[in-house]
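Scroll down for the structure; my scribbles are underneath it.
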Amino acid sequence: MTSSTRAAPPPTTQTPVAWARRRLFNSWYNSLLTLVLGVVAGYLAYRTILFVAVNGRWSPVRVNLTLFMTGTFPRDEQWRLVAQIYLMAAAIGVAWGAITASAADRAADSGIAANRASAPDLLRRYWSLLLLIAVILGFTRTVWPIVFALTALAGGLGLRSATHRLPRALRQASWYFAAALGIASFQVLTGTGGISWWWASALFSLAAFQFASAKDYARFLGSVMVWPVSGGKRLVTTKHLARFKMASQILAVVAAVVVGRVLYWLIGDTTSVGWDKWSGFHLTLVASFAAIILAFPIGMLLAMGRRSSLPAVRLISVSYIEFFRGVPLITLLFTGDLFIGFFLDTDTPLSAITRAIIMLTIFTSAYVAEIVRGGLQAVPKGQIEAGQAVGLATPSIMRLIVLPQALRAVIPAMVGQFISLFKDSSLLSIISIVEFLEVRSLVHNQEAFRGFGIAETLAFVAFGYWAITYAMSKESERLERQLGVGER
Amino acid sequence: MTEATNPSNQNAANAQVDSDATQIGSRDVMVELEGVDKFFGTFCALSDINLRVGTGEVVVVIGPSGSGKSTLIRCVNRLEHHNRGRIVVDGIEMTEDLRNIAQIRRETGMVFQQFNLFPHLSVIDNITLGPRQVLKMPKKQAEDRAMELLERVKIPEQARKFPGQLSGGQQQRVAIARSLAMQPKIMLFDEPTSALDPEMISEVLDVILELAKTGMTLIVVTHEMGFAREAADRVIFMADGEIVEVGEPEHFFTNPREERTQLFLSQIL
């Protein structure tokens, strides 16, 4: 509260000359430093631009762009990748719209003005990804990838604003819809088209049940049950409503399974490109993000297991964590490649990529467990006691009080671990998986590019890794800021 | 440490407690502790505690730090596990059964020295968390009740803020509202004003005083002697894990019987 009689803060604007004098040339040695660093920076920029725009021999990348992106993926089946991009864009668009809409709702509930991300904000956050897309499109030799990318982008953004405008009652449904799209985007590749129908119909019918209010549904069930069973006595009370809703959803899933099965027989697509045929940048992204998504919950459970009061649970967690943290990732990858088949006696052995994802997940989850444990320990004991005093049960205290605070505290470390996993996926080449970096050796084995443009292909691959990890770290910054609300 | 575990010392203390002073007149018993012992390792934090608190009674517990005051009330809602003796809260005897403990915790509300508000939840969410999760109250109803309680502690305008944005006194009043939201029969206060700046102490004590007037059963651990005098039906003086003296405030502050009580009061008054 500033009283009107007090002076306003002095204006902070200043001329560029004044700024430079104050910040760059405020003493003879700082002036010298400014000049020296200016010359060095200018020289580096000059050499970089020269390399990128003038001297660089980019033909190995230009000619082999498809190889870099999708590796040995069968060329005839590439429509599947295009379909995946569209479905993925749609899934992200719907999920994003649902996120921004519920954030806006929450803000409205709290009577706070919603701060929707502005276009410059989004640009600041995702410029590395946009630059990556631009660079990749810059290397294409036909116009189609550009058309696909732009229409997918437009479609995703369109779905985002459409979902954002949906009435609140359909919010839950849009989550299911996004999940169905995401699953379908992968099953269009793995070719179990029938199963994707199966999944999608299950999720769609779950979504459909969100439309009807639970109350109406239970009232209907209640009216059916009251009359014949108990001669007019009400069997259903408000306490039962939630249970009936869940029962109705289970019923919906069962119905959808049957429907999905029928659909599978009718229009099932039995051709496929199994992921043992995936490679290149596509595989790098899929394998590392699959491992990230799997390692997070496993690591969280391990962290809680390590702090459990049950000795057996604690022993298992500790041995898992200490063993897999103590072994180099390369050893684990070889182990996975050589031994999983022996232990898991399956008729068809797991593909190399499945094994790789399993090993990456196991390795990362041990680190995630230690990171989460650090966060759990940072939550004061008083928080747990307050939860107990309020009467919450231990699982609720964990879920509602401890974990939200613990995870917030470890976001930077966690994202760091995920970034490291993303880059470590380049190690998959040692078990003869052709991931993004390994594509280079295919390229330079070609007659035309033997020993040609080595620096350029390296720079291209490095840029691909950098663009993704930079976006990840920006996203972690944003999460931190967003979740840090009220902590000051 | 050694002094507290000395058995002769313990027996002497028991003999000194006037049996009349532990009586609660015609009131129903709300909280009963019988021969309660509590150890931290080998350190005896509570030694043979016998206490009955009547329905609607306001009991203030005072004593030097380390005397077991906080441990005493933390045993009542099982934040501490007592090692010997019997604790009965509102007719429910405390056992090892988790359901039994949950039941007792539903009867009791607790306010902590360090507030222990949930920093990641807004004020209203702090208050509605228990009712919605434990009592399964619908959101709307829980929020209406929370607003009533915030009116009662005189900070309804802070409902949408986060704990970190409030002053200490405001935070403690939110903590009181959070406990009251569970509609407890007994409120336990563990030095509710010790972490507050001096000018905020009275705003919290006023809220507790008003609670006392509504006929709720309160057990308050505090160093605020003025409050003890004004609000308490009985004052309990503890030292070295034992109840040294119990009495009505008037008698207690003007004419304490025990030497240790006299010494303590002379040091702080």
Side-chain angles (χ1 to χ4, degrees), chain A residues 105-114 168 213-215 218 237-243 245-246 309 375 378-411 479-488, chain B residues 73-74 76-80 98-99 101-139 143 157 159-166 175 178-184 187-188 190 195:
Chain A
D105 284 348
R106 262 202 311 279
D109 282 352
S110 316
I112 309 162
R168 212 171 187 173
S213 99
K215 223 176 206 165
T237 64
T238 33
K239 220 179 100 185
H240 294 121
L241 290 180
R243 252 176 251 170
K245 189 181 180 191
M246 186 171 277
S309 54
V379 177
K381 199 160 166 272
Q383 290 289 310
I384 298 169
E385 288 178 351
Q388 289 174 333
V390 167
L392 293 172
T394 311
S396 305
I397 292 174
M398 205 50 167
R399 183 169 58 90
L400 299 166
I401 297 168
V402 179
L403 273 182
Q405 297 183 52
L407 293 181
R408 173 190 304 169
V410 299
I411 290 169
L479 261 179
E480 247 177 283
R481 226 175 313 125
Q482 189 187 319
L483 296 177
V485 172
E487 280 224 297
R488 37 193 103 168
Chain B
I73 65 166
R74 285 163 62 87
V76 173
N77 68 346
R78 202 24 118 71
L79 288 185
E80 300 292 354
L98 283 181
R99 263 174 308 179
I101 294 169
Q103 220 176 346
I104 287 177
R105 282 182 181 153
R106 256 160 79 161
E107 307 277 314
T108 57
M110 188 171 215
V111 175
F112 300 88
Q113 183 179 357
Q114 298 296 341
F115 329 136
N116 292 352
L117 292 177
F118 308 129
H120 60 299
L121 299 177
S122 66
V123 164
I124 192 125
D125 289 341
N126 262 279
I127 299 172
T128 56
L129 184 71
R132 290 184 61 193
Q133 294 292 328
V134 181
L135 308 178
K136 307 288 178 207
M137 202 184 271
K139 183 177 181 198
E143 291 198 341
E157 71 284 358
R160 299 294 172 184
K161 289 196 183 162
F162 284 85
Q165 294 166 289
L166 305 185
R178 178 175 69 178
S179 297
L180 290 176
M182 293 298 289
Q183 296 162 304
M187 284 284 280
L188 308 170
D190 189 0

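Reminder, nothing fancy here: chain letters follow the sequence lines and each chain counts from 1. Just so it is clear, the structure is predicted and the values come from calculations on it, not from any experiment.
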Contacting region of B/F112 [heavy-atom separation from chain A under 4.5 Å]: side chain

Heavy-atom closest pair (A/I401 atom, B/H120 atom, distance to 0.1 Å) is O-CE1, 3.7 Å

So do the side chains of A/L392 and B/L129 get within less than 4.5 Å of each other, counting heavy atoms only? yes

Contact list (residues 130-139 of chain B to chain A, heavy-atom gap under 4.5 Å, by number) returns B/G130, B/Q133, B/V134, B/K139

Are the side chain of B/N77 and the backbone N or O of A/A389 linked by a donor-acceptor pair below 3.5 Å? no

When A/S396, A/G391, A/A393 are compared by non-hydrogen pairs under 4.5 Å with chain B, the top option: A/G391

Main-chain N/O of B/L117 paired with A/Q383 side-chain donor or acceptor, under 3.5 Å: yes

Which pair of non-hydrogen atoms, one from A/Q388 and one from B/L79, has the smallest distance, and what is that distance? OE1-CD2, 3.1 Å

Apply the test side-chain contact (heavy atoms from CB on, under 4.5 Å) to residues B/M110 and B/R74: give CA-CA distance (whole Å), side-chain angles for both, the deciding distance (0.1 Å), then the verdict. CA-CA 9 Å; B/M110 188 171 215; B/R74 285 163 62 87; 3.6 Å; yes

Mind running side-chain contact (heavy atoms from CB on, under 4.5 Å) on A/V402 and A/I397 for me, showing each step along the way? CA-CA 6 Å; A/V402 179; A/I397 292 174; 4.0 Å; yes

Contact class of B/T108 relative to chain A, heavy atoms under 4.5 angstrom: backbone

